[in-house]
Amino acid sequence: MNSPILLIAIGNTRIKAMICAQELFEDCPDRSFNHSLNHQIIATHAYPHAQIDQLIERIQDQSFSLITIASVVPNLQTPWHDLPQTQIITTADVPLDGLYSSMGSDRALAAFGAGEFYGYPILVIDAGTAITLTAIDPHKKLMGGAIMAGLRSQFAMLHSNTAALPMLTAPDSLPHRWAINTNTAMQTGIVHILLMGLQAYIDDWRSQFPESKVIMTGGDADQFQKWGLAIDIVDPNLIFRGMISFHRSCLLRFPPDRAAHQ
Ligand SMILES: Nc1ncnc2c1ncn2[C@@H]1O[C@H](COP(=O)(O)OP(=O)(O)O)[C@@H](O)[C@H]1O
Ligand SMILES: CC(C)(COP(=O)(O)O)[C@@H](O)C(=O)NCCC(=O)O
Ligand SMILES: [K+]
């Protein structure tokens with residue numbers, strides 16, 4: 001068996017890694033390579049930056065035929081960055097139209113992965129350190145998006161910018177909107193206002209593209225779905241789907257046997 005492939009996505013909170021079988025990139029006539037992702041995943045890992053040593057320990061002895069890294073944290077280097085089989089994907093590499101140069105590669109890849117897998121037009125909401133919305137129209141062109149502080153970041157901001165407010169986490173169930181104590185007031189304010197704002201964006205998008213799917217990814221995606229945000233699907237693997245679709249589009253443009261004869 002060929003050595004597996006390592007995909008690494010570095011966000012502002014966590015480093016995520018997926019190890020999958022090489023067969024993922026073998027020739028197939030349609031998008032079925034991406035549909036088969038679930039059968040090809042060997043392992044997934046996610047560690048906060050401070051615990052990168054644990055990730056290194058878990059996979060340092062394995063050899064990979066191909067390593068792909070996408071990062072929105074330029075100063076975080078990993079032992080895999082400088083290997084000969086490593087490719088760093090940037091926003092400029094992602095084959096969608098209208099992407100701007102300072103756009104995060106995580107957003108570009110998640111949107112590309114979502115569009116290639118679920119179809120265009122597509123709205124992607126990534127609930128990570130920041131919450132981002134990225135909307136791609138039926139012609140694979142960026143319609144636009146938005147960035148706001150993520151769930152944990154909102155609590156951290158209130159705590160660090162005030163004298164009296166504690167550091168809290170988000171509540172499991174939806175809090176009552178009108179609170180009569182500090183902790184619930186913070187939780188209800190953050191959760192309800194985030195939900196209402198995101199829902200307004202989703203409604204606006206659906207009014208333009210009623211047939212479009214709305215996909216959520218990122219560390220807090222399940223929580224937003226539990227609170228009732230009207231999304232279609234939670235998919236934690238969008239960015240990895242984007243990397244796989246990227247490699248696939250390269251293979252279709254430059255098939256290995258043709259390249260060998262050039
Ligand atoms: N072990 C964890 N450490 C930190 N945040 C976590 C953890 N598990 C889930 N989360 C949640 O995930 C969010 C960060 O999502 P993630 O997708 O990892 O972000 P990023 O892509 O920015 O690194 C935080 O808002 C937090 O609520
Ligand atoms: C908006 C982000 C900070 C989100 O990062 P994350 O929360 O996933 O760690 C990242 O995509 C980024 O640095 N973007 C650059 C600005 C832009 O996308 O317009
Ligand atoms: K993210």
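Read the numbers this way: they start at 1 and go in the same order the structure lists the ligands and their atoms.
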Trainee: Students often mix this up, so state it plainly: with edges at 30° and 60°, are the rings of His45 and Tyr47 parallel, tilted or perpendicular?
Mentor: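 Correct class here is parallel.
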
Trainee: Closer than 4.0 angstrom, basic N to acidic O: yes or no for Arg206 and Asp232?
Mentor: yes

Trainee: Would you check whether Gly219 has a nitrogen or oxygen atom less than 3.5 angstrom from a nitrogen or oxygen atom of ligand 1?
Mentor: yes

Trainee: Could you report the tightest heavy-atom contact between Phe64 and Ile5, atom names first, then the distance?
Mentor: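 Scanning both residues completely, I find the closest heavy atoms to be CD2-C, 4.0 Å.
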
Trainee: For Asn12, which part has a heavy atom under 4.0 Å from ligand 2: side chain, backbone, both, or neither?
Mentor: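 Answer for Asn12: both.
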
Trainee: Under 3.5 Å, N or O to N or O, is Asp126 touching ligand 1 that way?
Mentor: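 Asp126 vs ligand 1: no N/O contact under 3.5 Å.
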
Trainee: Measure Ser102 to ligand 2 on non-hydrogen atoms and call it side chain, backbone, both or neither using the 4.0 Å cut-off.
Mentor: backbone

Trainee: Considering only heavy atoms of Asn12, which atoms of ligand 1 have at least one such atom less than 4.0 Å away?
Mentor: 20 (P), 22 (O), 23 (O)

Trainee: What do the steps show when you test Asn183 against Gln187 for side-chain hydrogen bond (donor to acceptor under 3.5 Å, both in side chains), and what is the final call?
Mentor: CA-CA 6 Å; Asn183 288 12; Gln187 291 180 322; over 6 Å; no

Trainee: Using a 4.0 Å heavy-atom threshold (strictly under), name the region of Val73 that reaches ligand 2: side chain, backbone, both or neither.
Mentor: neither

Trainee: State which residues pass ring-ring contact (aromatic ring centres under 6.0 Å, His included) with Trp80; sequence neighbours excluded, sorted by chain then number.
Mentor: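 Testing Trp80 for ring-ring contact (aromatic ring centres under 6.0 Å, His included), a comparison that skips the adjacent residues, returns none.
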
Trainee: Which ILVMFWY residues are connected to Met157, directly or by a chain of links, through side-chain heavy atoms under 4.5 Å apart?
Mentor: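 Same cluster as Met157: nobody, lone residue.
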
Trainee: Could you tell me the separation between the NZ atom of Lys141 and the OH atom of Tyr120, rounded to the nearest 0.5 Å?
Mentor: 14.5 Å

Trainee: Enumerate the atoms of ligand 2 whose separation from the nearest heavy atom of Tyr100 is less than 4.0 angstrom.
Mentor: 17 (C), 18 (O), 19 (O)

Trainee: Which atoms from ligand 1 have a heavy atom of Gly218 less than 4.0 Å away?
Mentor: 17 (O)

Trainee: For a side-chain hydrogen bond (donor to acceptor under 3.5 Å, both in side chains) with Arg107, tell me which candidate from Thr134, Thr91, Asp126 qualifies.
Mentor: Thr134

Trainee: Less than 3.5 Å between some nitrogen or oxygen of Ala130 and one of ligand 2, yes or no?
Mentor: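 For ligand 2, there is an N or O atom that lies under 3.5 Å from one belonging to Ala130.
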
Trainee: Would you say Gly150 touches ligand 2, if touching means a heavy atom closer than 4.0 Å?
Mentor: no

Trainee: Just which atoms of ligand 2 are under 4.0 Å from any heavy atom in Met103?
Mentor: 17 (C), 18 (O), 19 (O)

Trainee: At a non-hydrogen distance cut-off of under 4.0 Å, which region of Lys16 contacts ligand 1 (side chain, backbone, both, or neither)?
Mentor: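 Answer for Lys16: side chain.
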
Trainee: Within a distance under 4.0 Å of any heavy atom of Gly11, pick out the atoms of ligand 2 and give their elements.
Mentor: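 Every atom of ligand 2 under 4.0 Å from some heavy atom of Gly11: 9 (O).
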
Trainee: Show the atoms of ligand 2 that are less than 4.0 angstrom away from any heavy atom in Arg107.
Mentor: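 Answer, ordered by atom number: 11 (O), 17 (C), 18 (O), 19 (O).
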
Trainee: Using the rule given for side-chain contact (heavy atoms from CB on, under 4.5 Å), can you reason through Thr68 versus Leu66, listing the C-alpha separation, both sets of side-chain angles and the distance that settles it, and then say yes or no?
Mentor: CA-CA 7 Å; Thr68 296; Leu66 175 69; 4.3 Å; yes

Trainee: Starting from Leu109, can I reach Met216 by hopping between I/L/V/M/F/W/Y residues whose side chains sit under 4.5 Å apart?
Mentor: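 They do not share one cluster, since no chain of ILVMFWY contacts under 4.5 Å joins Met216 to Leu109.
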
Trainee: In ligand 1, which numbered atoms sit nearer than 4.0 Å to a non-hydrogen atom of Thr13?
Mentor: 4 (C), 5 (N), 19 (O), 20 (P), 22 (O), 23 (O)

Trainee: What part of Thr129, side chain, backbone, both or neither, has a heavy atom within less than 4.0 angstrom of ligand 2?
Mentor: both

